[in-house]
> 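One structure, as structure tokens, below. Some questions next.
Numbering of ligands and ligand atoms starts at 1, following listing order.
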Amino acid sequence: MRPFHYERAATPAAAVKMAGTTPMSPDQPSVATPVQYLAGGTNLLDMMKIDVMRPDRVVDINAIAETRHGGIEVSDDGMWLGALARMAEVAEHADVKHRFPVIAQSLTLAASQQLRNMASIGGNVLQRTRCPYYRDTSYAECNKRDPGSGCAALGGFNRMHAVLGTSKACIATYPGDFAQALIALDARVEITGAHGHRSMAFAELHRRPDDEPHMETRLAPGELITAFTIAALPWARRSKYLKIRDRESYEFALASAAVALDMDGDIVREARIALGGVATVPWRASAAEHEIQGKRLDERALAAAAEAAFADARVFEHNAFKIALGKRTLTRALRETAAMET
Ligand SMILES: Cc1cc2nc3c(=O)[nH]c(=O)nc-3n(C[C@H](O)[C@H](O)[C@H](O)COP(=O)(O)OP(=O)(O)OC[C@H]3O[C@@H](n4cnc5c(N)ncnc54)[C@H](O)[C@@H]3O)c2cc1C
Ligand code: SF4
């Protein structure tokens, strides 16, 4: 690992100030950013050890957890999750499991218990892709790591790569699980930066690769995620995360679906669907939602939703199976969510 300067911040404002002391250009690849925040370190340190990320300075934000930002607050109005809450704490919280099951399930099905004990939910949503060509610097072609260099995955082994939201420049899959659950519950993300505090719909946080795959989110350089907020919407309790993978534990998704339904008998009043494992970003499947809204959730509606979800999919040499798998994952998740007792 290359040498770096280590600093520790006790408040969000102090962290932003420390990050802001090194000039950063807004169009730098996120891997080239000279300052990185350190939360659980389970992704950042991996990336530094394999020499993909090379920060000059690392700002440790863990002490901020002591000032409420490692907290979980649930009320009748909704939920506030501090960005430094650990994945395991959120996954195992009784109110989260009961009132926002898709959130607890998405975290329980991610990584391993040891990683979940260490990793923060803020770091989770910003984890980098597992594309092997991105993670192996002996491959010169990777537009995400080195803009303009090409994409080794296009002509390489692309079984794990995305079929939705791809571009000519990058087909890497967004690897996380929790982000899809946040989208299914219309979550918002709270952000602190050099110009103060702002919040945005979580679904807007990640950017599709287009011709700038190195620009992964809409965070400005040095901005810190402080929290996630989720309103107690009518579809929060009837929500579910289904994850299909090569093995049943400690593995990333081949296809996943986060589903939340507000039902009037067997009619869908309102639906939220987000897909994982198949797309370049946490993927809101709005067309699929539209197919079932106001309808009885019968086999015909399920099939229409699945078709709509993958209508714009584009396959590569080794990942055509993801369309059939993604459709089956979605229809099963919808069926099981509709059948939930709430
Ligand atoms: C073997 C293995 C298997 C895994 N399997 C899964 C899986 O199945 N599903 C899944 O979802 N994840 C999986 N993960 C990923 C794991 O969940 C992430 O590594 C973890 O969530 C990252 O959180 P962290 O707190 O350790 O982040 P860090 O490593 O500390 O940070 C990650 C990035 O986020 C930035 N960052 C962190 N916090 C903030 C903040 N508050 N504001 C702004 N920037 C911030 C850091 O600067 C860094 O760039 C796996 C990881 C490993 C190693
Ligand atoms: S898919 Fe994206 S991350 Fe993977 S090699 Fe191509 S440009 Fe790099």
> Which one of Gly276, Gly41, Pro55 has a non-hydrogen atom at the shortest distance from atom 30 (O) of ligand 1?
Gly41
> Which atoms of ligand 1 sit under 4.0 Å from any heavy atom of Glu223?
43 (C)
> What atoms of ligand 1 come within less than 4.0 Å of a heavy atom belonging to Glu251?
8 (O)
> Kindly identify the option in Asp46, Ile64, Val189, Leu44 whose heavy atom sits closest to atom 53 (C) of ligand 1.
Asp46
> Is the backbone of Ala162 close enough, under 3.5 Å, to the side chain of Asn319 for a donor and an acceptor to pair up by distance?
yes
> Tell me the contacting part of Leu84 for ligand 1: side chain, backbone, both, or neither, using a 4.0 Å heavy-atom threshold, strictly below.
neither
> Does a side-chain N-to-carboxylate-O contact under 4.0 Å join Lys327 and Glu307?
yes
> Looking at Arg159 and Asp246, is any side-chain nitrogen of the basic one under 4.0 Å from a carboxylate oxygen of the acidic one?
yes
> I need the nearest protein heavy-atom contact for atom 47 (O) of ligand 1: residue, atom name and distance, please.
Tyr37 O, 2.6 Å
> With heavy atoms only and a cut-off of under 4.0 Å, state how Met87 meets ligand 1: side chain, backbone, both or neither.
side chain
> Indicate, as side chain, backbone, both or neither, the part of Met47 found under 4.0 angstrom from ligand 1 when only non-hydrogen atoms are considered.
neither
> In terms of atom number and element, which parts of ligand 1 are under 4.0 angstrom from non-hydrogen atoms of Ala110?
7 (C), 8 (O), 9 (N), 10 (C), 11 (O)
> Assess the pair His161 and Phe316: is the distance between their ring centroids shorter than 6.0 Å?
no
> Enter the distance from Asn43:CG to Asn124:CG here, rounded to the nearest 0.5 Å.
9.0 Å
> Pull out every atom of ligand 1 sitting under 4.0 Å from any heavy atom of Gly40, numbered as shown with elements.
24 (P), 25 (O), 26 (O), 30 (O)
> Anything protein N/O/S under 2.8 Å from atom 4 (Fe) of ligand 2? Just list residue and atom, please.
Cys131 SG
> Heavy-atom distance to atom 35 (C) of ligand 1: which of Leu126, Thr192, Leu224, Ile121 wins?
Leu126
> Backbone or side chain, does any N or O of Asp177 fall under 3.5 Å from an N or O of ligand 1?
yes
> Purely on distance, is any nitrogen or oxygen of Gly176 under 3.5 Å from one on ligand 1?
no
> Geometry only, no angles: is Met53 polar-contacting ligand 1 at N/O separations under 3.5 Å?
no
> I'd like to know if the side chain of Ser256 reaches the main chain of Gly276, judged simply by a donor and an acceptor atom lying under 3.5 Å from each other, with no hydrogens or angles considered.
yes
> Taking the side chain from Ser120 and the backbone from Ala85, do they hold a donor-acceptor pair closer than 3.5 Å?
no
> Kindly state each residue pair satisfying salt bridge (charged side-chain N to carboxylate O under 4.0 Å, His left out) with at least one member in residues 164-191, sequence neighbours excluded.
Asp177-Lys243, Asp186-Arg272
> Heavy-atom contacts with Ala169 under 4.0 Å: which atoms of ligand 2 show up? List them by number with element.
7 (S)
> Using a strict cut-off of less than 4.0 Å between a Lys/Arg side-chain nitrogen and an Asp/Glu carboxylate oxygen, indicate whether Arg238 and Glu336 qualify as a salt bridge.
no
> Just wondering, more than 12 heavy atoms not from Met263 lying within 6.0 Å of its CE?
yes
> Output the distance between atom CG (Leu84) and atom CD1 (Ile61), rounded to the nearest 0.5 Å.
4.5 Å
> How far is atom 7 (C) of ligand 1 from its nearest protein heavy atom, and which residue and atom is that?
Ala111 N, 3.1 Å
> Hey, what do you get for CH2 (Trp80) to OG1 (Thr229), rounding to the nearest 0.5 Å?
10.0 Å
> Name the one of Arg207, Arg145, Arg128 that satisfies salt bridge (Lys or Arg N to Asp or Glu O under 4.0 Å) with Glu216?
Arg128
> With atoms numbered from 1 as shown, which atoms in ligand 1 lie under 4.0 angstrom from a non-hydrogen atom of Tyr250?
1 (C), 2 (C), 3 (C)
> Give the atom numbers and elements of ligand 1 that come within less than 4.0 Å of a heavy atom of Ala39.
25 (O), 30 (O), 37 (C), 38 (N)
> Side chains of Leu182 and Ile103, heavy atoms from C-beta outward: is any pair under 4.5 Å?
yes
> Measure the CD1-CG distance between Ile292 and Leu334 for me, rounded to the nearest 0.5 Å.
5.0 Å
> Would you check the N or O atoms of Gly122, main chain and side chain alike, for any that come under 3.5 Å of an N or O of ligand 1?
no
> If you round to the nearest 0.5 Å, how far is CD of Glu92 from NZ of Lys97?
7.0 Å
> Quick one about His206 and Arg218 (side-chain donor to acceptor, distance below 3.5 Å, no hydrogens or angles considered), yes or no?
no
> Between Arg116, Gln127, Arg128, Gln36, flag the one that comes closest to atom 33 (C) of ligand 1 by a heavy atom.
Arg128
> My understanding is that we take every heavy atom of each candidate and find the minimum distance to atom 17 (O) of ligand 1. Doing that for Val16, Asn43, Asp60, Asn124, which one comes out nearest?
Asn124
> If the threshold is 4.0 Å, N to carboxylate O, is there a salt bridge linking Glu89 and Arg116?
no
> Write out the residue and atom name of the closest protein heavy atom to atom 42 (N) of ligand 1, then the distance separating them to 0.1 Å.
Ile225 N, 2.9 Å
> Return yes if a side-chain donor-acceptor contact under 3.5 Å exists between Tyr174 and Thr129, otherwise no.
no
> Nearest to atom 23 (O) of ligand 1 by heavy atom, Pro12, Ser106, Gly123: which?
Gly123
> For ligand 1, note which part of Leu115 has a heavy atom under 4.0 Å away: side chain, backbone, both or neither.
side chain
> If we only consider heavy atoms of Lys243, is any one of them less than 4.0 Å away from an atom in ligand 1?
yes
> Heavy-atom contact check, 4.0 Å cutoff: does Arg86 meet ligand 1?
no
> Flag the pair Arg237 and Asp262 as a salt bridge only when some basic side-chain nitrogen lies within less than 4.0 angstrom of an acidic carboxylate oxygen.
no
> Considering only heavy atoms, which of Val59, Val35, Thr42 lies nearest to atom 19 (O) of ligand 1?
Thr42
> Yes or no: does Phe252 have any heavy atom under 4.0 Å from an atom of ligand 1?
yes
> For ligand 1, which part of Ile61 has a heavy atom less than 4.0 Å away: the side chain, the backbone, both, or neither?
side chain
